[in-house]
Amino acid sequence: MRNLNFWTALGLSTLSGCLWFLAVTPFDHSYLAWIASLPMIAAVDRTPSFRRALFLGWWAGLIETAGGFYWLIDVMQRFADFPWIGAAPIFLLFCAARALIFLLFTAVVLCVRRNLKLPMTLLAPLAMVSGELLVPQIFPCGQWISQAWNPVVIQVAELTGPFGVTALLMMINGALYDVMQAARGARLCAAAAVAVLATALIFGAVRMRQMDAIIAGAPRLMIGLVQPNFAYSASGEISREETLQQLTALQEQSQRLQRAGAQLLLWSEGSFPIAVPRDFSMDFSPDSLARIRRGFDVPTIIGADMYDAVHDDAYNSAILLDGSGRVSGYYDKVRLLAFGEYIPGIEAFPWLRKFLPEGAGHFTAGSGPGVLLLAGSGRPSWRLAPVICYEDILPGYLHRVGQLRPDLLVNLTSDSWFGADTEPWEHLALSVFASVELRVSMVRAVNSGVSALIDANGRVVEKTYPNDPYRQPRGPDGVLVSTPIMASSQTLFARVGNLFAYVCVAACVLALSLSWYILHRNKNNGAGR
């Protein structure tokens, strides 16, 4: 096998990074994901220097991340007042950190294959899944995002979580590489890969048909998704006039959706513009300017900040008001966004605050997942599981939510900070996996879009479109969706969570141990001679 010179190898790694981000929304060339890693694998497997190969793998991850998260530079410029020259290095640091997934992948591949000749068909999925699981990410995202709009492919998430989709992609990439290199047993590996992929696709088609039958017979709840398209203040402080304007817009949209037939209204994350006390138990009086239910009277879930004056805590909460205006339950966001809702290490390094917008990092995490009970006459209460912001894309957290057996996932999100071109679509693409993992529908009320109904097969049934309220503002939007209410079937994923990914990590550890054993055995044999 001929070694590659550095520049050729670098070009191949760059090509891989480009193919990966082109496979993902908003570019949506998802077919590229089935071959995207081929150039990078060829580069790292045919580079004699271990350090150079590690760099090449890391470089592919850097290019992929830069192409997928380019919108972060604009976010830092708009909301942290970073000049371009200051935002770019921080963005590169973010890309370099996330590229550690690919560096870890490369390290495992090199260490194993140089002593233990495992086929890439097997090794590539094990190594990439391990990297995705073990490398921390501020915005969790894996190679599985590329298949979000291919529902038959993603049905394996019910068994494996989204990591199973990554494994399928890398298995095919690895099998193609084995065949191209005419590796020993390549045909057998390719046949096995085709068989596994075919089994996964057949499983997907059968399960989708089964779930469609269940969806067709499920009771329906008409839900109005209120999308206010607000431009939030970075400091969280708005004038009295702006508060009234925002609240009026929410109320008018709610009135319209109730007239259209909404039985439940869902407001987006933090949309209620007034913080409420922890003992908040009833809607404000009709003569109060802060009254929530003005002109409508159906149950409503609002996104609001709650404060505990006694303990000096603030929470990002979802609050359910019943038809009479009483608070029948609330949920506090558990997985807070680093550097937005909490600041890692701020106690040890308080000077970090001066680099962040005023008010950032002041929230307290909730105690754990929960359900809101939506009562109804003549039937048991429906169990609505709120997930706020990016909690709808966290497999580990969704596993805990699934153990509560919800009938519906309810996502309240504010993506208005990120513009309208890319991040809202990426967030939607990542969120479809939650419905497959738990086999329940999800409704999403997103401050400036994309608000949506996702069914239990991970298909986006209804959606709005994103708006950039800071640059191209438009009036409030919203959509009425007919939502199937399906009792959670306690899927394998809901029972065991990321077990599949941990098995992949264990397999990599075993392969690395065997490789180390063979290396030292050969050294000892050589020394003995």
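In this text the structure is predicted, and so the values were computed from the model without any measurement.
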Report task. Start with the C-alpha gap between Glu437 and Leu409, add the side-chain angles, then the distance that decides, and say whether side-chain contact (heavy atoms from CB on, under 4.5 Å) holds. Result -> CA-CA 11 Å; Glu437 290 160 12; Leu409 293 173; over 6 Å; no

A side-chain contact here means heavy atoms from C-beta on lying under 4.5 Å apart; do [X] and [Y] qualify?
X	Y	result
Phe91	Met76	yes
Phe418	Asp415	yes
Phe139	Arg98	no
Met486	Ser435	no
Phe284	Arg294	no
Ile101	Met128	yes
Arg220	Thr483	no
Ser414	Ser268	no

Query raised in the report: Do Gln490 and Arg495 have a side chain donor and acceptor closer than 3.5 Å?
Result: no

Query raised in the report: In terms of side-chain heavy atoms, does Arg256 have a donor or acceptor partner in Gln253 at a distance below 3.5 Å?
Result: yes

Query raised in the report: Stepwise, does the side-chain contact (heavy atoms from CB on, under 4.5 Å) test hold for Ser448 with Asn229?
Result: CA-CA 4 Å; Ser448 55; Asn229 293 328; 3.8 Å; yes

Just by distance, do the side chain of [X] and the backbone of [Y] share a donor-acceptor pair under 3.5 Å?
X	Y	answer
Arg335	Glu391	no
Asp392	Asn411	no
Asp308	His311	yes
Glu462	Leu480	no
His399	Ala494	yes
Asp322	Ser324	yes
Tyr390	Leu336	yes

Requested in this report: For side-chain contact (heavy atoms from CB on, under 4.5 Å), just list the numbers for Leu408 and Val440, CA-CA rounded to whole Å, side-chain angles, deciding distance to a tenth of an Å, and then say yes or no.
Outcome: CA-CA 6 Å; Leu408 177 69; Val440 292; 5.9 Å; no

Requested in this report: Test Phe433 against Ile393 for side-chain contact (heavy atoms from CB on, under 4.5 Å), laying out the working first.
Outcome: CA-CA 7 Å; Phe433 291 89; Ile393 68 173; over 6 Å; no

Report task. Evaluate the side-chain hydrogen bond (donor to acceptor under 3.5 Å, both in side chains) criterion for residues Asp477 and Thr464: first the C-alpha distance (whole Å), next the side-chain angles of each, then the deciding distance (0.1 Å), finally the verdict. Result -> CA-CA 8 Å; Asp477 200 356; Thr464 64; 5.1 Å; no

Query raised in the report: Got a salt bridge between Glu158 and Arg439, using NZ or NE/NH1/NH2 to carboxylate O under 4.0 Å?
Result: yes

Query raised in the report: Quick one: do Asp455 and Arg459 make a salt bridge, cutoff under 4.0 Å?
Result: yes

Query - Enclosure of Arg379 CZ (heavy-atom neighbours >12, cutoff 6.0 Å) - result: yes

Query raised in the report: Where does the angle between the aromatic ring planes of Trp20 and Phe102 fall among parallel (under 30°), tilted (30 to 60°) and perpendicular (over 60°)?
Result: perpendicular

Query raised in the report: Measuring from Leu257:CG to Phe296:CZ, what's the distance to the nearest 0.5 Å?
Result: 10.0 Å

Requested in this report: Identify the heavy atoms of Val410 and Leu384 that sit nearest to each other, and give their distance.
Outcome: CG2-CB, 4.0 Å

Per-pair distances, 0.1 Å, donor-acceptor, side chain in residues 298-305, under 3.5 Å, sequence neighbours excluded:
from   : atom 1 : to     : atom 2 : distance (Å)
Thr300 : OG1    : Val298 : O      : 3.0

Report summary line: Paired with Trp144, the side chain to side chain contact (heavy atoms under 4.5 Å, CB included) test is passed by just one of Val156, Ile154, Leu430, Leu169, namely Leu430

